[in-house]
2 protein chains.
Amino acid sequence: MVNKMVLDKREQILEVAEELFAEYGFEGTSVRELAKKANVNVAMVSYYFGSKEQLIKALIQLRAGTFKQTLEALNNDGHSPVEKLNLLVDFYVERVFTHHRFHRVINREISLHQRSSFNKTISDILLKNFEEIKKLILDGQKKKVFRNVDVELTIASLIGTISKVVQSSYFSCRIINIDPDKNSIFEEEHKKRVKKHLKDMMQAHLLRK
Amino acid sequence: MVNKMVLDKREQILEVAEELFAEYGFEGTSVRELAKKANVNVAMVSYYFGSKEQLIKALIQLRAGTFKQTLEALNNDGHSPVEKLNLLVDFYVERVFTHHRFHRVINREISLHQRSSFNKTISDILLKNFEEIKKLILDGQKKKVFRNVDVELTIASLIGTISKVVQSSYFSCRIINIDPDKNSIFEEEHKKRVKKHLKDMMQAHLLRK
DNA sequence: GTTTAAATTAAACAAACGTTTAATTTTGCA
DNA sequence: TGCAAAATTAAACGTTTGTTTAATTTAAAC
């Protein structure tokens with residue numbers, strides 16, 4: 001039987017890497033414990049990816065792919081600016097919640113060693129998403145539906161809010177008053193709550209009075 | 001002559017630690033390069049702080065101190081909710097921009113190894129700030145000045161926006177279209193811009209129409 | 001069934017890690 | 001000046017790090 005449980009060793013390594021990098025950081029994760037948890041010999045990491053550094057780059061390439069297309073499709077739809085904004089929030093929250101481990105990894109890595117090639121690689125990916133969202137807001141402004149707000153920082157608020165919630169589930173649980181031992185911040189209930197808040201705030205901020 | 005340039009070795013270590021932890025992360029910074037940059041023997045870190053782990057804890061204790069008092073003072077002032085909100089934004093942005101290295105460190109560390117004592121220590125500090133801001137908004141709601149918004153997530157948006165801007169100065173520079181090689185995201189001009197955006201958005205979000 | 005390449009392994013590699021030791025220098029005080 | 005405590009040093013400690021090696025097993029093709 002072929003199902004999701006049956007992963008080849010390369011995929012197995014990538015999956016465990018995402019989990020451990022999210023939990024302990026890139027530097028904080030040793031290739032040995034990674035291999036152990038993936039039920040794989042230590043040498044397999046070098047064999048498949050070349051090095052630990054290239055492993056995380058492969059992970060980023062893998063996850064960053066689908067994102068931009070969906071955003072582009074959104075901009076080409078026939079929806080109104082407000083509808084697009086709501087769809088954007090739904091999509092973005094959905095995406096980050098589903099891949100919260102990955103987003104924790106890149107949010108951490110982008111804050112490291114400022115002008116390394118690594119930082120630039122991630123920045124490039126994030127910037128493409130950023131530009132698509134920017135188009136959406138500028139279009140709404142052009143149509144006189146949205147106010148003349150600070151577009152760049154408005155996007156920073158949108159992204160920043162979701163990042164904050166996902167950043168530390170322990171901290172987020174304590175913020176919204178749920179028991180970190182019993183509940184997860186990633187449950188459907190809280191996802192809806194984040195969507196509602198962002199739509200609410202973004203509309204209050206963007207729509208003309 | 002006694003001035004800021006004359007630091008004893010303990011202070012020197014703390015200062016360099018903040019710089020390197022912000023740039024390369026806690027795990028990514030070796031005690032040896034830290035000592036070298038601080039013009040200090042390697043053994044001095046153990047001598048003054050006991051261990052690398054206790055060094056970063058000392059750094060957190062040092063920087064986290066003054067923050068809560070200022071927030072408390074804000075809540076006890078005779079200002080209106082809107083005035084308090086504006087003062088809060090000014091103070092918070094000022095604070096994070098001034099200590100952007102430190103904030104990068106804790107924002108990264110809190111996203112690591114979920115339920116370690118370390119994560120809980122930082123969460124406790126951040127939660128105290130959080131509760132003070134919550135009081136401010138709840139007070140505004142009680143006085144019927146503020147709308148019935150999602151208080152917790154509104155604070156997440158406030159904090160998340162600033163964190164995003166400070167997180168990676170390279171990424172932020174590219175977002176707001178300035179040259180990362182010539183300009184810094186931490187200049188007065190951009191600080192003002194962030195303050196303006198946050199006041200604008202928070203008022204649009206919180207005030208009754 | 002034999003052959004060839006790919007996959008997998010245990011072992012070893014040098015380098016870097018955080019920390020400790022034991023000796024030496026500096027400092028403050030009587 | 002003399003003495004005890006504090007500060008500072010170079011060297012070494014045992015681990016752990018990421019990576020490589022060379023041998024072995026597995027799989028696929030002929």
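Everything quoted here is computed from the prediction, not taken from an experiment. Lettering follows sequence order; numbering is per chain, from 1. Heavy-atom basis, side chains included; hydrogens, waters and symmetry copies ignored.
- In this structure, B:N41 reaches the D:dA10 phosphate: one of its side-chain N or O atoms is under 4.0 Å from OP1 or OP2.
- A close approach under 4.0 Å does not occur between any side-chain nitrogen or oxygen of B:Y48 and OP1 or OP2 of D:dA6.
- B:K57 has its NZ atom 17 Å from the P atom of C:dG18, to the nearest Å.
- Put simply, the residue from A:F91, A:F102, A:F186 that forms a ring-ring contact (aromatic ring centres under 6.0 Å, His included) with A:F97 is A:F186.
- Nearest nucleotide to the side chain of A:A43, out of D:dT21, C:dT19, D:dT9: D:dT21.
- Checking B:H197 against A:S157 by side-chain atom types alone, a donor-acceptor pair falls below 3.5 Å.
- Residue-level contact check: A:S30 touches the backbone only, with heavy atoms under 4.0 Å from sugar-phosphate atoms and none from bases.
- Under 3.5 Å, the side chains of B:K164 and B:N107 contain no donor-acceptor pair of N or O atoms.
- When the nearest nucleotides of DNA chain D are assigned to B:N39 and A:S51 by heavy-atom distance, the more 5′-ward of the two goes with B:N39.
- Distance A:I13 CD1 to C:dT9 P: 10 Å, rounded to the nearest Å.
- Distance A:D8 CG to C:dA7 P: 10 Å, rounded to the nearest Å.
- In this structure, CZ of B:F21 is placed 9 Å from P of C:dG18, rounded to the nearest angstrom.
- The distance from atom CD of A:E109 to atom CZ of A:F21, rounded to the nearest 0.5 Å, is 8.5 Å.
- For the pair B:K36 NZ and D:dT8 P, the computed distance is 20 Å after rounding to whole Å.
- In this structure, A:R32 and A:Y47 both approach DNA chain C, and ranking their closest nucleotides by distance from the 5' end singles out A:Y47.
- In this entry the distance linking CE of B:M44 with P of D:dT8 reads 4 Å, nearest Å.
- For the pair B:E27 CD and D:dT16 C1', the interatomic distance rounds to 12 Å; values are reported in whole Å.
- Each of B:L138, B:L88, B:L85, B:L74 was compared with B:I133 under the side-chain contact (heavy atoms from CB on, under 4.5 Å) criterion, and only B:L88 meets it.
- Of the listed nucleotides (D:dT9, C:dT9, D:dT19), D:dT9 has the atom at the smallest distance from the side chain of B:K9.
- Between B:Y24 atom OH and C:dA16 atom C1' the separation is 17 Å, expressed in whole Å.
- Sequence order on DNA chain C of the closest nucleotides to B:V42 and A:V40 puts A:V40 first from the 5' end.
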